[in-house]
Protein chains: 2
Amino acid sequence: MVRVLLVDDHPVVRSGLRAVLEATGRVEVVGEAASGEQALALVPSARPDVVLMDLNLGDGIDGVTTTTRILATGPTTLGAARPPAVLILTTYDHDADIVRAVEAGASGYLLKDASPEAIADAVAAAARGETVLASGLAQRLVSRMRAPSEPTLTPRELEVLRLVADGSSNRAIARALFVSEATVKTHLVHAYEKLGVDNRTGAVTVARERGLL
Amino acid sequence: MVRVLLVDDHPVVRSGLRAVLEATGRVEVVGEAASGEQALALVPSARPDVVLMDLNLGDGIDGVTTTTRILATGPTTLGAARPPAVLILTTYDHDADIVRAVEAGASGYLLKDASPEAIADAVAAAARGETVLASGLAQRLVSRMRAPSEPTLTPRELEVLRLVADGSSNRAIARALFVSEATVKTHLVHAYEKLGVDNRTGAVTVARERGLL
DNA sequence: CCTCCCCTCAACCGTTCGGTGGAGGTCTGC
DNA sequence: GCAGACCTCCACCGAACGGTTGAGGGGAGG
């Protein structure tokens with residue numbers, strides 16, 4: 001029996017996962033958490049083999065952070081030989097956080113519209129130490145490694161873009177970030193190039209589509 | 001026993017709802033549909049008292065359309081005395097479609113992060129013919145009736161705004177809509193006033209927040 | 001019929017943006 | 001130590017945008 005901890009802020013989804021997993025007869029749900037904080041508190045006592053975690057946890061710490069912390073719990077914490085595998089569950093395929101979670105050490109990710117069989121299989125695979133990636137992300141990771149066809153915005157560029165999204169003028173952004181207007185324009189021009197657009201509104205839309213904002 | 005039909009494109013959510021509802025002992029799940037089309041096909045034979053419907057059904061016809069059609073099935077269809085009550089289930093509180101669904105005759109709406117008790121209560125209330133509205137929308141409906149503090153964008157303004165969101169220039173929008181650039185600017189100025197902003201990027205953001213795009 | 005709303009267009013103005021081509025600074029990693 | 005990335009800033013230009021006023025036509029509804 002694979003010991004699983006469910007982490008999702010929706011009670012209904014937790015019930016559904018529990019029903020789906022227990023129906024397989026191969027999985028034992030050893031706990032449920034409605035937030036990242038709860039999950040972190042439960043891991044030591046519940047000692048799951050696999051943590052099935054929603055990325056979008058509403059208020060509180062997010063799924064990526066929770067994943068990082070769970071995987072950081074070394075052998076020192078209680079008697080666990082090693083931290084549990086973390087399997088990411090998410091609604092949207094185009095969530096930039098997925099990449100971050102996998103880079104943080106998650107064993108894979110699943111879409112919420114997956115079939116019960118697919119979910120059960122993925123849990124079993126994660127318990128065996130394997131990695132499970134749905135197609136979309138696999139492609140994205142490969143392409144990111146191979147050729148950075150989707151360039152990364154620098155922190156400063158992102159910061160500027162966030163203010164642009166609010167409808168701020170370059171002057172306002174400059175004041176907010178304590179830099180000159182020229183600097184703001186430079187950041188924006190760079191962001192335009194990276195996003196493949198030629199104006200601020202398009203940049204905001206593309207950034208949103210890629211989950212950068 | 002209240003007869004309920006579940007409509008959601010996520011198998012996990014359907015399982016969760018089934019588990020939650022059947023645990024109350026007052027509800028019988030008489031069917032599950034993964035799409036609007038399936039739901040419409042199942043209603044006559046399953047004869048539910050209440051249809052619990054997700055607004056976001058992925059591909060195919062959407063939740064609002066499905067709701068409209070279900071409620072349009074009069075006594076002519078089979079032996080049903082009247083169409084079932086439709087209870088909307090949605091993830092986001094700020095979805096403009098909620099208002100449309102309620103206007104289409106839905107008996108109320110629930111958020112997916114609601115507690116099992118709240119969901120069961122809402123289903124029971126809907127079966128009794130009552131209306132259940134979560135707080136957010138109730139306020140919105142009231143305020144929309146009382147004072148249009150949240151003005152409505154005209155169809156043309158929305159159309160322009162959608163193109164703006166893609167990063168199109170006024171000139172490009174004018175060409176796309178076969179009007180002059182002056183007209184585009186007029187629409188935009190009106191939209192800015194209604195949305196309480198003073199530039200296109202801010203307008204897009206506010207419109208997105210309000211679920212208008 | 002007359003009003004109200006929506007869509008359409010024009011001309012003019014000042015402001016803001018987008019694009020270019022620089023330049024100097026810090027910090028990281030090889 | 002030096003390349004490379006990142007952040008900072010300047011000056012200039014044309015293009016696009018935001019704001020205003022004014023105006024005409026069509027459809028819905030009292």
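Note: hydrogens, waters and symmetry copies are ignored here, and every other heavy atom, side chains too, is used.
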(request) Indicate yes or no: does B:Arg14 engage B:Asp9 in a salt bridge with an N to O separation below 4.0 Å. (result) no
(message) On the nucleotide D:dA16, are OP1 or OP2 found under 4.0 Å from the side-chain N or O atoms that B:Asn170 carries?
(response) no
(message) Starting the side chain at C-beta, find the nucleotide from D:dC10, C:dT8, C:dC17 nearest to A:Thr186.
(response) D:dC10
(request) Could you tell me the separation between the CZ atom of A:Arg200 and the C1' atom of C:dG19, rounded to a whole number of Å? (result) 14 Å
(request) Would you kindly give the NE2-to-C1' distance between A:His187 and D:dC7, to the nearest whole Å? (result) 5 Å
(request) Name the nucleic acid region contacted by A:Ser180, choosing base, sugar-phosphate or nothing; use a 4.0 angstrom heavy-atom cut-off, strictly under. (result) sugar-phosphate
(request) Let me know the distance between CZ of A:Phe178 and P of D:dC7, rounded to the nearest Å. (result) 17 Å
(message) Closest-nucleotide mapping onto DNA chain D: is A:Glu181 or B:Asn199 further toward the 5' terminus? I mean the 5' end.
(response) A:Glu181
(request) Would you mind telling me which residue lines up with the more 5' stretch of DNA chain C, A:Val189 or B:Lys185, judged by nearest nucleotide? (result) B:Lys185
(message) Return the NZ to OG1 distance between A:Lys194 and A:Thr154, rounded to the nearest 0.5 Å.
(response) 5.0 Å
(message) Counting only side-chain heavy atoms from C-beta out, which of D:dC17, D:dG18, C:dC6 sits nearest to B:Tyr192?
(response) D:dG18
(request) Write down the distance between CG (A:Leu158) and P (D:dA5), rounded to a whole number of angstrom. (result) 18 Å
